[in-house]
Structure formats: C-alpha cells, structure tokens
2 protein chains.
Amino acid sequence: MNLKTLAEKLGLSQTTVSRALNGYPEVSEATRLRVQDAAVRFNYRPNSRAKGLATGRSMVVAQIVPGSSEHEMVNPIFGDFVGGATEALARFGYDMMISRVLEDDEGKIYRELHARGAVDAVILQGPSVEDPRIPLLNEIGMPYIVHGRSTGITAPYSWVDVNNKRSFRRATQFLTDLGHRRIALINGLEYMDFAQRRRSGYQEALDAAGIAADPALMCSADMTEGYGYRETRRLLHLADPPTAILSASMLAAIGIRRAIQESGLTMGRDVSVITHDDDLSYLRNGDDIPIFTATRASVRAAGAILAEQLVALISAPESGPVHHMIEAELVVGGSTGPARRRT
Amino acid sequence: MNLKTLAEKLGLSQTTVSRALNGYPEVSEATRLRVQDAAVRFNYRPNSRAKGLATGRSMVVAQIVPGSSEHEMVNPIFGDFVGGATEALARFGYDMMISRVLEDDEGKIYRELHARGAVDAVILQGPSVEDPRIPLLNEIGMPYIVHGRSTGITAPYSWVDVNNKRSFRRATQFLTDLGHRRIALINGLEYMDFAQRRRSGYQEALDAAGIAADPALMCSADMTEGYGYRETRRLLHLADPPTAILSASMLAAIGIRRAIQESGLTMGRDVSVITHDDDLSYLRNGDDIPIFTATRASVRAAGAILAEQLVALISAPESGPVHHMIEAELVVGGSTGPARRRT
DNA sequence: TTGAAAGCGCTACCAC
DNA sequence: GTGGTAGCGCTTTCAA
C-alpha cells in the first residue's frame, strides 16, 4: 500500500493525504479523520526511502561499534547503551544503525555515511584525548554527539558525559575515609579520555588525604578479565600490597575477584574492591564488601539521554553545541567496615 | 556530489556513469577507468536512499534488541554477535539496523519495518519454543534467519544455531567421567528454545551415566548475576549438595563464583564449575577449575556466519530455507582433577 | 481547503 | 558502447 493507491481509495489527491497524515493545518478535520482511519485500516506506512529522498533526511542515526584489531571484544555494556539510545530515538521517529570498522580509519566511515546520505547524525564512542574524529566531523558538517569528552580539543563540540572524575574522587575518598592508604587503580587505556579523568579524580582524592601516589599501584590497559586477574596478582605480591582496589570494568572485576580469592584473601576484609558496571543488587545486605557501582541500568539511561540531546541538536542546529553532564549515582553495596590491613 | 554533476563533469550521460560504476559489461574499459577515477577524485558515493528507491531494495538488515520490560539488561555478548554480523554484512554492502521493542508485540515492529521498506531482512534472536514470530514473518513475506531454532514449528524456516544440546551433553559427560554424580544445572528461561536444548543434553548425559536427575539440582530463570548467586547458595545449603555446577551465562557465573567463595569452598576442589561465554584465557595453566567455555570470540564468529547465510538467502530466495549448525569448540581451562566430595 | 506537477538521485528500459 | 527518459514513493511549491 502506497500513497498513490491510498489516495485513490479515498478519492483524494496524494497531496491532501500526505498533509493529513503529517499534521499539516490546512486540512479539514473531517478529511483528516477519514484519511487517518483509512491509513490504519490499510496498514499504510510511508516508504522510508522515498520519504527520505523527498525530505533530504534519512531519520537514521549511526553508531560505530568500537573494536579494532587490538581489542576485539565489544564492551559488555555496549548493548545496554545501544538499547537505551535506540529506544529513545525511536520515540522521535529515528532508526539506529550500527557500523563497524576494520581499519584504524574510522573517519573514512563517517565520510562515507555522510556522502551516501545514509544517516543524519552519528554517536561518537570512546573518545581519546585530542580525538581526531571531532575536527573531522566538524569539517564534514555531520551532526554528532560525543559520548564522553576530549581534552585538548579547542573547537566547540557536543557531548554527553558521565562525571567520571567526580565518581572516582568520591570512591577514592570513601576508601581514604575508611583509613585505607594503599589504594590501587586498575585503569583502562589512558589515551582514552574517560580513563584519564578517572585517574585524575583518584589522584585528587589521594592528594586531599595527603597520600603520595605510588606508581606501582597504578596500571592501565584494555579492560579484560585476564588483565584484572594478572594485575591483581601482581599487586597482592608486592612487598607492600594495597588494601583496596579501584576498578572500572565489569570484566576486569571478575578477574580481580578471582585473583583475590585464589590468594586466600577475603574481599572486603583483606582487600576492598570498588568497581563499576555490575548488577550488585544482591550484595546490599550484610555483605562485607564496600562497593560503589554505576549500574548497567544507568548506562541504558545514559544512552537515552544522549539520544534526546542528539535529536535536539538535529532539530535546532543553530542553537549550537549541546553539553550534558550525568552525575552518576553511586550505590554502596555491602557494609562499609574500615580497612583491616592498614599500613 | 551526485550522479548528475559527476556525469556533467565527465561529459557523459548519467546512464553510462552509473553502468561504469556498477560493473555493467557494456561499458568500454577506457571510460570505465575514467569514470572510476573521477568518482574517487570527487569522493562520489551514490545516495543510499535514491538507490534504494530505484532498485526496491534497502540494503539494510535489522535486528531487534532483545529485552522487554521483564529483562531490561541486554545480554553482554549481544555486542559481540552484532559486531560479527555487522562486519560480515558490510562486506556485502549491507548496513545493520537495530530496533528495540517496548511492548510484547515484537511482530508489530516487523510488520512496520516491512511496510516502510526500511529493511530487506531481519535477524530473529532468542526464539522460544513454537515462536509465533516465525509464522508471522512467513506470512509477511520478509526474509529472515533465526539465531537458534524453534521446536514445534512445522513450517520451513531458516536458522543458524549452535549445537547447544551436544555442548551440554559433552560438558555433563566430562563431569560424570570425573566421578561427579551430583551435578547442578543453572539454566536460562526454559521457554527459550536453546535453554530446553541445553537441558536435554544435560539430561542425556545423566541418563548415559545411570544418574537419576534430581529436580532440586535444576533451576531456570533469567540469567543474571543475582540469580546465579542465589541459586548457588541454595544448592550449597542442600543436605546433599552438588559437587559440580553447570551454567551457561557469563553473568550468572559471576554470582556462582561469588557464592562458592563466600561459603568458604574452593572452586575446582570442592565444587567444579562449567560455564560459558567467558574470557578464560588466563585460566589455562595449572588452574584447578575445569571449565568448558564457548568463548566470546566464537559468538562474534557466529554473527558473521549468520550474516553470510542471510545474504545468501536474500540473493537466492528460490533456493529455499538455509540451515547452519555451529559445532562450538569446547575449551578446557584449568586442570581436570576428579570430584572430591562425591556421594 | 484541495489538487497538479515538479523534483529528490538513482536504475533500467529502450533506442541509437 | 552510449544516451534519453520513465519511473521508484514521497514532499512541496504554486494554482485554484
């Protein structure tokens, strides 16, 4: 069923039917109702491609799946973010498209998506410090929002970010308040902007507590289970091991817990772990592990927020770049006993 | 840059330029090269929507994000599957679109995607037993491939599936061979077809070993961390607890490990755990936990395989439905000592 | 308040 | 081997 046949069935012109369906004011209420009714009856849906051709907009937003040859795994919370964004976009009539790059040249994909007119805007994931994709997108003239920020970029750009610095400062301070002085940070790749911000929050809290940061207690790599495991083993074998570990990844946390357990230590008593991204709802009562967590549900919410900002940006580009900071709620799971093995 | 202006620049007709670019034979090599060169120089990309309108194909495949109001979390391996499928589809010129449903009426989405001409085919995730979406898609006439199978559907349909039954039979047999007789199964929702197949493989192996299945050792629910944790606690508090646990989810496994650890038991010595979907590369040497695992990389590969089959299906629908069984390689991590707490 | 018709950018048929 | 042209299904002036 297309516009033409629908119009014929109604004995109206395509123009009138189109107007009635798209909420134009110059249609009488009577015909509008008649048209809408018929559209439902015949299960009419305007053809996306034809509509796109005529309007010059595709009503599609693209997202590049992170994952080059180095880190093949897709972050497990990626699905949550996409789910939240997709759902929110759908409410505004947008579809979500996923692209994936093999080479390092992610810019090529953006250029092509734009030239093909395949998408109206893109979501930029995992920005690095001075991310080259930002000036590229500015040059191309494609609307976009960065999920995160990019230190060193002077040109204006739109972003939606979680306040990682504050989260990690608070988490670290939570530990120093309990008396911990040997606090390890198992961080992500530090060319990633968010990882730098987390580290800087950690650093600030240490400074505030008068603790000198120990390079032996900090590490940075692609967040995997094995990485969390190996680093935790290394940390626990130090002459002066940490009494607490700060992590930022669900996957790394699995390895961390495992390494602690293997060492015959008890989490929460011997080593406190603060982590991210877990479903820790079942740990809230009587547990002995103090845990801060940005839940997976909050990741979905972040996706939805970004989507809404993106729609706003597309609709009113003249308003300039949009910025939105998400102050993630930190949830404490488990009881919050003091550090046992203080130095 | 569009066809028209490119043709003008070359002093050729749109027809010729189009033919040269799309590999039609009736163009002279000389002009073809000239055209291709110009296309690259001017960074010309045919407009997707216009091309789609003209050809009647959208070159887009859709995937519905699983996750209704009941299970809000997206399966963490979802991203891996999508990544693999997206990459493979791109090689054939297809884009991947993600949709998400709020209501239970997933069928409505398929109907709409089809009516709008937004996609050429869809990927059906998480089929239940007698999944109603299969007859629906048959009726609509939209090409699709089911990721998994659906017992009870008599109509022909295309699928790509992992041999879950065999995997779980082998995993269970692996345990019975080691002397285990109390083997628990922490299963997914059993209206899901794959969960039923896993259970049936488990059952077969028990039967072969002459072990009567104990309902107290089996449970079924949405695979979450908390679920794995609670069920493992329950199991370990039984008068006659299991010496081994079979799980099938990365998330549930986190909870399982935690519950075991809290009980003061040691995984591998007191309780063997067999699980799925983990990055367990770091457990392969000298570890005391026997673990079978379908790695996340294999999930990506499955996505790629499904994508290839889907392209084949779209290209040659007259060949009838396609079927592809993936025999997942089972990886043993850790050493494989016998059960210690046999009954 | 309604309708005719000119595109949007491309493919594909038919003629040369 | 090359080019003219009629659509694909919709929106959007411009007229009535």
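A, B, ... follow the sequence lines: proteins, then strands. Residue 1 opens every chain. Everything numeric here is computed off the predicted structure, so don't read it as measured data.
Listed candidates were D:dC10, C:dC10, D:dT2. Nearest to the side chain of B:Gln14 is C:dC10. Considering only side-chain atoms of B:Asn47, the nucleotide from C:dC10, D:dT2, C:dT2 that sits closest is C:dC10. Checked against C:dT1, D:dG1, D:dG7, the side chain of A:Ser28 finds its nearest nucleotide in C:dT1.
A salt bridge links A:Arg149 to A:Asp161: at least one charged side-chain nitrogen sits closer than 4.0 Å to a carboxylate oxygen. Under a 4.0 Å N-O distance rule, the pair A:Glu139/A:Arg111 qualifies as a salt bridge.
Taking both residues in full, the closest heavy atoms of B:Ala307 and B:Leu89 are given as CB-CG, 3.8 Å, listed atom of the first, atom of the second, then distance. In plain terms, the two heavy atoms of B:Leu313 and B:Pro321 that are nearest each other are CD1-CA, 4.5 Å.
At the heavy-atom level, B:Thr55 lies under 4.0 Å from the strands shown only through sugar-phosphate atoms. Heavy atoms of A:Thr15 sit under 4.0 angstrom from at least one base atom.
In this structure, B:Glu26 atom CD and C:dC16 atom C1' are separated by 14 Å, rounded to whole Å. Taking atom CG of B:Leu21 as the reference point, atom P of C:dG9 lies 16 Å away to the nearest angstrom. If you take CZ of A:Arg19 and P of C:dT2, they are 9 Å apart, rounded to a whole angstrom. Atom pair A:Arg32:CZ and C:dT2:C1' shows a separation of 13 Å (rounding to whole Å applied). In this structure, B:Leu33 atom CG and D:dG1 atom P are separated by 14 Å, rounded to whole Å. At whole-Å resolution of the value, CG in A:Leu10 and P in C:dG3 are 10 Å apart. What separates CG of B:Leu3 from C1' of D:dT2 is a distance of 15 Å, to the nearest Å. For the pair B:Arg34 CZ and D:dT2 C1', the computed distance is 12 Å after rounding to whole Å.
OP1 or OP2 of D:dT12 has at least one side-chain nitrogen or oxygen of A:Tyr24 nearer than 4.0 Å. In terms of phosphate contacts, B:Lys51 brings no side-chain nitrogen or oxygen within less than 4.0 Å of OP1 or OP2 of C:dG9. Side-chain N/O atoms of A:Asn2 include one lying less than 4.0 angstrom from OP1 or OP2 on D:dG9. Remark: B:Ser18 is not in phosphate contact with C:dC10, judged by side-chain N or O atoms under 4.0 Å from OP1 or OP2. Checking the phosphate oxygens (OP1, OP2) of C:dT2, no side-chain nitrogen or oxygen of A:Ser13 falls inside 4.0 Å. Note on B:Asn22: a side-chain N or O is less than 4.0 Å away from OP1 or OP2 of C:dT11. Look at B:Tyr44 and you'll find a side-chain N or O under 4.0 angstrom from OP1 or OP2 of C:dC10. For C:dG9, the OP1/OP2 oxygens have no side-chain nitrogen or oxygen of B:Lys4 closer than 4.0 Å.
Using a 4.5 Å heavy-atom threshold, the side chains of B:Leu3 and B:Ser18 count as touching.
Screening residues 114-152 of chain A for ring-ring contact (aromatic ring centres under 6.0 Å, His included), with sequence neighbours left out, gives A:Phe81-A:His147.
Map B:Leu53 and B:Thr16 each onto its nearest nucleotide of DNA chain D; the residue landing nearer the 5' end is B:Thr16.
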